[in-house]
Amino acid sequence: MAQQQKIRKAVFPVAGLGTRFLPATKAVPKEMLTVVDKPVIQYVVDEAAEAGIEHFVFVTGRGKAVIEDYFDIQYELEQMLRERNKNAELTLLAGLLPKAGTASFTRQQVPLGLGHAVWCARDIVGGEPFAVLLPDMIMSAEKGCLKGMVELYEKTGGNVLAVQECDPDQAHKYGIVGVGEAVGNGFRITQMVEKPPKGTAPSNLYINGRYILQPEIFKILETQERGAGNEIQLTDGMLTLAKSQEFSAYKFTGETYDCGAKDGFILANLAFALQRADIRPAIEEPLKTLIASLK
Ligand code: UTP
């Protein structure tokens, strides 16, 4: 089997306006909203690190500088923690800090769409295959979604998307794939349809926000016309790339929470809090009582 080029870099597009979370996102990027006690972006960076990613590329925009600060040393805070012997907190912060030189930040000056945000990372990524993780989709599973994708990619090469089952009645809301022959722990993708009209979806497997892409996508995105929502769409670029390259799918079976939407964000908070031994005992009974009291 041919040795595949290692996936070393991951792109995190964090330049969107987050209008579904106004007014909070007037001052706080949605990627910095907290799920239990960590910002949403930290969960996704952790997933990338677990998959062996060595370089983290953030495509930011106006009002997102706090994300760059979050991934840096906070000197005064650490000094204060040292003076107060808060060693556990110091260790926690040190463990989350990316190694010097392994995080890059570039700006998408105008939020023209996800495809355009990915294209803004072209010079930092260069000519190697790379991962894209949508930071508002956070996942809970024994094995991280990107790690499973990298394992599949090592067998298939090419491009790999993560897919997940949805209620067939909801398929019209998502990007849906067609299922071809089995490869490794996944399958070949025969088609991709963005938001198929009701009853026409080729399957109930939706693209859940994780991608491994070959660098040829950048050339395509450079001239990609605006599509749905008048935005430059990554899916449109992938459809062009699929004419000349293979796409495979990794079927993720864990939970995905869409933290870009209020319901997904609240569910993520509840789910991750209930997984925590230090929090669950204090909230489980009150939650049951609260739900039982609903009319
Ligand atoms: P979304 O469409 O979910 O994010 O894009 P949004 O536009 O910020 O959200 P709403 O609809 O206004 O509430 C998915 C991801 O792509 C990024 C977003 O930051 C988000 O993480 N994105 C989107 C960009 O980086 N640039 C864009 O132009 C659009």
Side-chain angles (χ1 to χ4, degrees), residues 1-13 43-59 98-104 106 114-115 117-135 137 139 141-164 175 177-192 205 207-222 234-235 237-254 256:
M1 194 186 306
Q3 178 85 24
Q4 310 301 342
Q5 203 175 344
K6 187 175 181 326
I7 307 298
R8 297 190 314 118
K9 297 180 181 173
V11 174
F12 303 87
Y43 288 84
V44 189
V45 165
D46 288 347
E47 182 189 328
E50 181 200 349
I53 295 299
E54 297 165 5
H55 196 113
F56 305 83
V57 184
F58 299 88
V59 180
K99 272 203 232 100
T102 64
S104 297
T106 187
L114 177 59
V118 170
W119 178 74
C120 288
R122 67 198 178 282
D123 278 356
I124 302 175
V125 171
E128 56 185 282
F130 63 103
V132 176
L133 295 95
L134 296 195
M137 304 300 271
M139 296 173 183
E142 230 158 77
K143 185 198 287 180
C145 184
L146 188 63
K147 188 175 165 69
M149 292 169 71
V150 167
E151 287 170 6
L152 177 62
Y153 163 83
E154 280 161 2
K155 293 197 179 77
T156 61
N159 304 271
V160 177
L161 310 181
V163 299
Q164 190 159 1
V177 300
V179 180
E181 58 166 323
V183 273
N185 55 350
F187 59 84
R188 293 282 183 210
I189 291 176
T190 54
Q191 55 174 318
M192 290 180 254
L205 294 166
I207 301 168
N208 71 359
R210 301 288 184 265
Y211 314 77
I212 289 176
L213 296 170
Q214 295 295 320
E216 287 76 22
I217 191 77
F218 291 127
K219 195 96 203 119
I220 294 168
L221 290 172
E222 193 166 331
L234 182 60
T235 311
M238 292 194 304
L239 281 168
T240 305
L241 187 59
K243 290 181 187 154
S244 58
Q245 291 190 8
E246 292 278 11
F247 274 72
S248 307
Y250 168 71
K251 194 168 163 193
F252 179 65
T253 52
T256 297

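All values reported here derive from a predicted model rather than from experimental measurement.
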Next on the checklist: Is there a side-chain contact between Asp46 and Glu50 in this structure, where contact means two heavy atoms from C-beta onward sitting under 4.5 Å apart?
Outcome noted: no
Item to check | Expected output: side-chain Arg210 to main-chain Leu161 donor-acceptor under 3.5 Å | outcome: no
Item to check | Beyond-backbone contact of Val45 with Phe12, side-chain heavy atoms, under 4.5 angstrom | outcome: yes
Checklist entry - Do Gln191 side-chain atoms and Gly178 backbone N/O form a donor-acceptor pair below 3.5 Å? => result no
Checklist entry - Atom CE of Met192 and atom CD1 of Ile189: how far apart are they, to the nearest 0.5 Å? => result 5.5 Å
Checklist entry - Under the side chain to side chain contact (heavy atoms under 4.5 Å, CB included) criterion, do Lys9 and Ile53 qualify, and how do the steps go? => result CA-CA 6 Å; Lys9 297 180 181 173; Ile53 295 299; 5.7 Å; no
Checklist outcome for this item: Between Leu133 and Ala10, the two heavy atoms sitting closest are CD1-CB, 3.7 Å
Next on the checklist: One thing to verify: whether Arg8 and Glu54 come together as a salt bridge, which I'm taking to mean a side-chain N less than 4.0 angstrom from a carboxylate O.
Outcome noted: yes
Next on the checklist: Is any side-chain heavy atom of Tyr250 closer than 4.5 Å to one of Leu146?
Outcome noted: no
Item to check | Steps toward salt bridge (Lys or Arg N to Asp or Glu O under 4.0 Å) verdict (Lys147, Glu47) | outcome: CA-CA 8 Å; Lys147 188 175 165 69; Glu47 182 189 328; over 6 Å; no
Item to check | From Thr235 atom OG1 to Leu114 atom CG, the distance as rounded to the nearest 0.5 Å | outcome: 7.5 Å
Next on the checklist: Would you compute the distance between atom CD of Glu181 and atom CZ of Phe187 and round it to the nearest 0.5 angstrom?
Outcome noted: 11.5 Å
Checklist entry - Can a salt bridge be assigned to the pair Glu128 and Lys6 using a cut-off of 4.0 Å between side-chain N and carboxylate O? => result no
Item to check | Minimum-distance pair of heavy atoms, taken over all atoms of Leu221 and Gly115 | outcome: CD1-O, 3.4 Å
Next on the checklist: If I compare all heavy atoms of Leu152 with all of Ala249, which pair ends up nearest, and what's the gap?
Outcome noted: CD2-O, 3.3 Å
Checklist entry - So, Tyr211 side chain and Met238 main chain: donor-acceptor pair closer than 3.5 Å or not? => result no
Checklist entry - When you check the gap from the basic side-chain N to the acidic O, do Glu151 and Lys143 get nearer than 4.0 Å? => result yes
Next on the checklist: Nearest 0.5 Å, please: how far is CD1 in Ile217 from CG in Leu241?
Outcome noted: 5.0 Å
Checklist entry - How close do Gln164 and Thr256 get, heavy atom to heavy atom, and via which atoms? => result OE1-OG1, 2.6 Å
Item to check | Main-chain N/O of Gly184 paired to Lys155 side chain as donor or acceptor, under 3.5 Å | outcome: no
Checklist entry - Can Asn159 and Gln245 be counted as having a side-chain donor-acceptor contact under 3.5 angstrom? => result yes
Checklist outcome for this item: For Pro13 and Ala117 the tightest heavy-atom approach is CB-CB, 4.0 Å
Item to check | Point-to-point distance, once rounded to the nearest 0.5 Å, from CD1 of Ile207 to CZ of Phe252 | outcome: 15.5 Å
Checklist entry - Going through the distances and angles, do Lys251 and Leu205 end up as a side chain to side chain contact (heavy atoms under 4.5 Å, CB included)? => result CA-CA 8 Å; Lys251 194 168 163 193; Leu205 294 166; 3.9 Å; yes
Item to check | Gap separating the CD atom of Gln214 from the OH atom of Tyr153, nearest 0.5 angstrom | outcome: 5.5 Å
Checklist entry - Considering all heavy atoms of both residues, which atom of Ser248 and which atom of Arg188 are nearest to each other, and what is their separation? => result OG-NH1, 3.0 Å
Checklist entry - Do Val150 and Ile212 touch side chain to side chain, with heavy atoms closer than 4.5 Å? => result yes
Checklist entry - Do His55 and Ile124 touch side chain to side chain, with heavy atoms closer than 4.5 Å? => result yes
Checklist entry - After noting the C-alpha distance and the side-chain angles of Met139 and Asn208, does the key distance pass the side chain to side chain contact (heavy atoms under 4.5 Å, CB included) rule? => result CA-CA 10 Å; Met139 296 173 183; Asn208 71 359; 3.5 Å; yes
Item to check | Output field: ring centroids Phe130/Phe218 closer than 6.0 Å | outcome: yes
Checklist entry - Does any non-hydrogen side-chain atom of Thr190 lie less than 4.5 Å from one of Val179? => result no
